[in-house]
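Shown next, in structure tokens, is the structure this report addresses.
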Amino acid sequence: MLDLKYIVENRDRVIERLTVRNFKELHLVDELIELEEKRRKLKTESETTQAGINAASREISQLITRKENSEPKKKEVAVWKASLQPLSAELADTEARINELILRIPNLPSSQVPAGHGAEDNVVVRESGPKPTLPVDALPHWDLAKKFQLIDFDLGTRITGSGFPVYTGQGAKLQRALVQYFLDFNTAAGYREIQPPILVNENTAYGTGQLPDKEGQMYYINEDKFYLIPTAEVPVTNIYRDTIINEADLPVRMTAYTPCFRREAGSYGKDVRGLNRLHQFDKVEIVQLAHPAKSYQVLEEMVAHVEKLMQSLELPYRILKLCGGDMGFTSAQTYDFEVWSAAQEKWLEVSSVSNFESFQTNRMKIRFKDENKKNQLVHSLNGSSLALPRIVACLLENNQAGPEIRLPKPLHAYFGAGVIG
RNA sequence: GGAGAGGUGCCUGAGUGGCCGAAAGGGCCGGUUUGCUAAACCGUUGUACGAGCUUAAACUUGUACCGAGGGUUCGAAUCCCUCCCUCUCCGCCA
């Protein structure tokens, strides 16, 4: 969430930035500023009263010690308390209201974010070489998966439901090879490997911004009040919740492989065919906690890192800078990576690299002590490197060669062969 | 899941109703001593949100925080209730 003090002090800029996002509820900004003023008044007032009560209590203590009559003083306190009661009730209401409203305001797009309404306004930053032309009898990945017995979608449906594929044989091994390759690639660049829980509690889901808004997207275990993670970002970023990091330890870099679970309620049709959209999928994530002054440098570095990984997979890709209208609620700036699915003839998103600035860390209270010994919020960033299913889809489709499917060089050692066949 | 014990500051650990934000030791930071290191000695050492002062910082001051949330009381780390977690034993188990 945004810092309320920042909103109060930078009202016009906040409005202007939210407009870039096409945020509709701009009135919330002024409402919050008014509520904050009210809150401060109430707080001062109720604390003054409380200070009086505390002082009187200390006097009572002394009266009792001296065995003097404390009853008049107690009556006095009762009067204080009666006047405090409505004050603190109103203060609590005001704070609750502030809390409710501020959670509805999305992050401010950075100054580099282009204005726009949706996907059509995103800016293509880079596009790799030419798209391959496949033979006319080329197959989409779901057919290839069947032909080479790599993935069994029907079996997954029987065991769990749609969107829960079963990877078999070389298909399963390809998953393992990709995960291992991605993790090795990340740790070689200085990311510390983490294996986090894939069920998280409410506080954790709140910390990265999945709650209160997106509970419908997550699977929930009612019995224990746990959420299945939609991405490793959630448990991994929360590792540093409520901590003050040494400035010298910044940036913190972490990478994790986890399965990810998304309910994707309401999705259907050809967009969800095959591996395009699943309820359970594998992803390797990178997360950084960075000094606020360096976070945009870190963002570019992460984009370059993911791009290098993309290139090594020898797939046609492009990088988009998302426009204000297409960015996630918590993001200040986002780059999306898409790979070209040659048989489906469309771009598939495989990575999203974002700087959240202090939007998440403000919730999680992840801070560092700066040179003036003041606590400051760090900036959090994350990105996929990479989400597996769509990469697999493109690897299969783009590299199909009759009786076999060729694999890019870096995977040969991990897969134990150069081709699927 | 059953029985018992317990959750205090960066760490260890005291504190069972009244200046306790919290003893003591350790660590950390600053200083003295020292050829250097070590040792010794002295001092400092939480977070959040308000108010005052200020260009700002420093500072002064108030409130809250001793697992979380409620309650009792003039007053709660200390008593009561609910929840979470940790440890020991039993049960179950990859």
Side-chain angles (χ1 to χ4, degrees), chain A residues 1-10 32-103 195-207 211-212 220-227 235 238-249 252 259 358 360-378:
Chain A
M1 62 186 165
L2 292 179
D3 178 22
L4 188 48
K5 200 173 282 179
Y6 184 87
I7 296 177
V8 170
E9 287 166 8
N10 301 276
L32 274 166
I33 291 171
E34 269 174 50
L35 282 167
E36 169 61 4
E37 181 146 349
K38 185 177 171 194
R39 185 193 73 89
R40 288 195 358 243
K41 279 198 185 117
L42 287 168
K43 173 132 176 127
T44 306
E45 219 174 318
S46 70
E47 285 189 350
T48 308
T49 311
Q50 185 63 53
I53 292 172
N54 290 348
S57 286
R58 266 176 256 128
E59 286 177 48
I60 289 170
S61 151
Q62 287 165 10
L63 291 172
I64 291 172
T65 313
R66 294 198 302 260
K67 299 202 190 324
E68 289 173 25
N69 182 13
S70 61
E71 288 312 312
K73 209 68 195 173
K74 287 189 186 175
K75 290 213 174 74
E76 192 185 304
V77 171
V79 176
W80 285 106
K81 285 184 82 170
S83 70
L84 178 61
Q85 204 277 329
L87 270 182
S88 48
E90 200 180 353
L91 178 61
D93 280 355
T94 308
E95 283 175 342
R97 182 78 181 139
I98 286 175
N99 214 22
E100 185 190 320
L101 294 190
I102 202 163
L103 287 176
Q195 198 177 81
I198 59 177
L199 269 62
V200 296
N201 61 32
E202 202 178 313
N203 280 338
T204 299
Y206 171 84
L211 293 182
Y220 183 58
I221 314 235
N222 196 40
E223 187 85 13
D224 300 287
K225 312 226 178 316
F226 292 147
Y227 292 88
N238 271 278
I239 287 174
Y240 284 89
R241 175 149 49 98
D242 287 320
T243 57
I244 299 174
I245 303 171
N246 289 327
E247 188 171 358
D249 292 336
V252 173
S358 56
Q360 294 182 324
T361 56
N362 190 26
R363 288 190 181 193
M364 287 183 278
K365 300 297 172 234
I366 305 180
R367 293 163 293 175
F368 73 99
K369 224 172 252 304
D370 65 20
E371 63 271 24
N372 299 317
K373 300 196 170 177
K374 295 270 279 180
N375 291 327
Q376 265 191 63
L377 295 169
V378 303

Next item on the list: Could you measure between the two P atoms, the one in B/rU88 and the one in B/rG71, and give it in whole Å?
Entry: 36 Å
Next item on the list: Determine the Euclidean distance between corresponding P atoms of B/rG69 and B/rU8; express it in Å to zero decimal places.
Entry: 16 Å
Checklist line | salt_bridge(A/Lys38, A/Glu90) N-O dist < 4.0 Å | finding: yes
Note to self: If I take atom CG in residue A/Leu87 and atom P in nucleotide B/rU63, what distance separates them, rounded to the nearest angstrom?
What the structure shows: 15 Å
Checklist line | Rounded C1' spacing from B/rA14 to B/rG21 in Å | finding: 15 Å
Using a cutoff of under 3.5 Å, can you pull out all pairs of nitrogen or oxygen atoms linking the protein to nucleotides 70-77 of chain B, with atom names and distances?
unit_1 : atom_1 : unit_2  : atom_2 : d
B/rC74 : O2'    : A/Ser57 : OG     : 2.9
B/rG75 : OP1    : A/Lys81 : NZ     : 2.6
B/rG75 : O4'    : A/Ser57 : OG     : 3.4

Next item on the list: With sequence neighbours excluded, tell me which residues meet ring pair (Phe, Tyr, Trp, His ring centres under 6.0 Å) with A/Tyr240.
Entry: none
Item checked: Separation of the C1' atoms in B/rU16 and B/rA76, to the nearest angstrom -> 10 Å
Next item on the list: Please identify each residue that fulfils salt bridge (Lys or Arg N to Asp or Glu O under 4.0 Å) with A/Glu45, with sequence neighbours left out.
Entry: none
Next item on the list: Sequence neighbours left out, what passes side-chain hydrogen bond (donor to acceptor under 3.5 Å, both in side chains) with A/Glu223? Give chain and number order.
Entry: none
Margin query: Whole angstroms only, please: what is the CG-C1' distance between A/Asn246 and B/rG27?
Written below: 14 Å
Margin query: Applying salt bridge (Lys or Arg N to Asp or Glu O under 4.0 Å), can you list everything that pairs with A/Glu247, at least two apart in sequence or on another chain?
Written below: none
Notebook entry, point to check: Given atom CD of A/Glu202 and atom C1' of B/rA68, what is their separation to the nearest angstrom?
Noted result: 13 Å
Checklist line | Earlier contact from the 5' end, RNA chain B, for A/Lys374 and A/Phe226 | finding: A/Lys374
Checklist line | Atom pair CG/CD1 of A/Leu377 and A/Ile244 - distance to nearest 0.5 Å | finding: 10.5 Å
Notebook entry, point to check: What interatomic distance, in whole Å, is found between C1' of B/rC53 and the corresponding atom of B/rA58?
Noted result: 11 Å
Checklist line | side-chain contact (heavy atoms from CB on, under 4.5 Å) assessment of A/Val252 paired with A/Phe368 | finding: CA-CA 11 Å; A/Val252 173; A/Phe368 73 99; over 6 Å; no
Item checked: Ranges pairing with ranges for RNA chain B, where each run has three or more Watson-Crick or G-U pairs under 3.5 Å -> B:1-7 with B:84-90, B:10-12 with B:24-26, B:29-32 with B:40-43, B:46-52 with B:59-65, B:67-71 with B:79-83
Identify all pairs in which a protein N or O lies below 3.5 Å from an N or O of nucleotides 47-53 of chain B, and state each distance.
unit_1 : atom_1 : unit_2   : atom_2 : d
B/rU47 : OP1    : A/Lys369 : NZ     : 2.6
B/rU47 : OP1    : A/Asn375 : ND2    : 3.4
B/rU47 : O3'    : A/Arg367 : NH1    : 3.0
B/rA48 : OP1    : A/Arg367 : NH1    : 3.0
B/rC49 : O3'    : A/Arg39  : NH2    : 2.9
B/rC49 : O2'    : A/Arg39  : NH1    : 3.2
B/rG50 : OP1    : A/Glu36  : OE2    : 3.1
B/rG50 : OP1    : A/Arg39  : NH2    : 2.5
B/rG50 : O5'    : A/Arg39  : NH2    : 3.2
B/rG50 : O2'    : A/Thr44  : OG1    : 2.7
B/rA51 : OP1    : A/Arg40  : NE     : 3.3

Next item on the list: With sequence neighbours left out, write down each residue that passes side-chain hydrogen bond (donor to acceptor under 3.5 Å, both in side chains) with A/Arg241, or none if nothing qualifies.
Entry: A/Thr204, A/Asn238
Note to self: Once side-chain hydrogen bond (donor to acceptor under 3.5 Å, both in side chains) is applied, do any residues pair with A/Glu59, and if so which ones, sequence neighbours excluded?
What the structure shows: A/Lys73
Item checked: Residues forming a salt bridge (Lys or Arg N to Asp or Glu O under 4.0 Å) with A/Arg97, sequence neighbours excluded -> A/Glu31, A/Glu100
Mind listing the side-chain donor-acceptor pairs of residues 1-8 of chain A below 3.5 Å, one per line with the distance, residues two or more places apart or on another chain?
unit_1 : atom_1 : unit_2  : atom_2 : d
A/Asp3 : OD1    : A/Lys5  : N      : 3.4
A/Tyr6 : OH     : A/Arg13 : NE     : 2.9

Next item on the list: Could you check how far CG of A/Asp370 sits from P of B/rA57, rounded to whole Å?
Entry: 13 Å
Checklist line | B/rG15 versus B/rA77 - spacing of their C1' atoms, nearest Å | finding: 8 Å
Checklist line | Partner set under salt bridge (Lys or Arg N to Asp or Glu O under 4.0 Å) for A/Lys369, not counting sequence neighbours | finding: none
Next item on the list: Take atom C1' in B/rA56 and the same atom in B/rG75, then report the distance between them in whole Å.
Entry: 40 Å
Next item on the list: Write down the distance separating the C1' atoms in B/rC79 and B/rC29, rounded off to the nearest Å.
Entry: 40 Å
